[in-house]
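Below is one structure; the comments refer to it alone.
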Amino acid sequence: QVQLVESGGGLVQAGGSLRLSCTASGRPFSNYAMGWFRQAPGKEREFVAALKWSGGSTTYADSVKGRFTISRSIAKGTVYLQMNSLEPEDTAVYYCAAQTDYSGIYSSSDAYEYWGQGTQVTVSS
């Protein structure tokens with residue numbers, strides 16, 4: 001099994017920055033992929049960003065492209081989400097997720113087997 005430990009949420013003003021971290025432990029797998037999702041109260045969980053572990057290719061939701069950066073530390077087994085130019089619309093609980101065998105789908109939560117506990121990100125006006 002894969003265990004995900006997530007941290008880095010907090011309260012920031014609009015225009016500020018946060019960096020979320022998610023450390024994965026467990027057996028390594030080929031075609032490993034990790035993603036970030038977020039969910040605001042009363043809204044559906046939405047895709048934010050994803051990374052393929054092998055090669056490090058990334059993809060982003062249009063709403064965060066150019067502001068957020070997903071990256072990885074191979075040595076630490078950690079994926080990061082650097083969030084810059086935060087807006088109140090970014091306020092949500094952010095979840096990291098992992099799929100151990102990339103299905104070809106990155107933006108659907110159903111594709112991910114493992115999930116972190118979530119961390120709250122609040123952006124004030």
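Just so it is clear, the values below take in all heavy atoms, side chains as well, and ignore hydrogens, waters and symmetry mates. Treat the numbers as computed from the prediction; the structure is a model and nothing was measured.
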**Report entry** Closest non-hydrogen atom pair between Ala92 and Gln120, with its separation
**Finding:** O-NE2, 3.4 Å
Query raised in the report: What distance separates Gln99 CD from Ser109 OG, expressed to the nearest 0.5 Å?
Result: 11.0 Å
Query raised in the report: Should Thr122 and Val12 count as side-chain neighbours, where that means a heavy-atom distance under 4.5 Å?
Result: no
Query raised in the report: Excluding sequence neighbours, so at least two apart, what forms ring pair (Phe, Tyr, Trp, His ring centres under 6.0 Å) with Phe37?
Result: Phe47, Tyr112, Trp115
Report task. Scan for side chain to side chain donor-acceptor pair (under 3.5 Å) pairs involving residues 73-87, sequence neighbours excluded, and state none if there are none. Result -> Ser17-Asn84, Thr23-Thr78, Gln82-Asn84
Query raised in the report: Would you find a donor on one side and an acceptor on the other, under 3.5 Å apart, between the side chain of Tyr60 and the backbone of Ile70?
Result: yes
Query raised in the report: Out of curiosity, Gln3 CD to Tyr114 OH, how far, rounded to the nearest 0.5 Å?
Result: 8.5 Å
**Report entry** Ile105 versus Tyr102, closest heavy-atom pair with distance
**Finding:** O-CE1, 3.5 Å
Query raised in the report: Do Asp90 and Arg67 have side chains that get closer than 4.5 Å, going by heavy atoms?
Result: yes
Query raised in the report: Hey, is the main chain of Gly9 close enough, under 3.5 Å, to the side chain of Thr119 for a donor-acceptor pair?
Result: yes
Query raised in the report: Side chains of Lys52 and Tyr32: does their closest heavy-atom pair fall under 4.5 Å?
Result: no
**Report entry** Pair Gln13-Leu86, side chain to side chain contact (heavy atoms under 4.5 Å, CB included): steps then yes or no
**Finding:** CA-CA 8 Å; Gln13 290 186 312; Leu86 283 163; over 6 Å; no
Query raised in the report: Counting distance only, does the side-chain N/O of Gln117 pair as donor-acceptor with the main-chain N or O of Glu6 below 3.5 Å?
Result: yes
Query - Atom pair CZ (Arg38) and SG (Cys96), whose distance is rounded to the nearest 0.5 Å - result: 15.5 Å
Query - Residue from Leu20, Leu51, Val64 passing side chain to side chain contact (heavy atoms under 4.5 Å, CB included) with Trp36 - result: Leu20
Query - Polar side-chain atom of Glu113 near backbone of Thr100 as donor-acceptor pair, under 3.5 Å - result: yes
Query raised in the report: Can you name the nearest heavy-atom pair linking Ser103 to Ala111, along with the distance?
Result: OG-CB, 3.8 Å
Query raised in the report: Are side-chain heavy atoms of Leu18 and Val121 found at a separation under 4.5 Å?
Result: yes
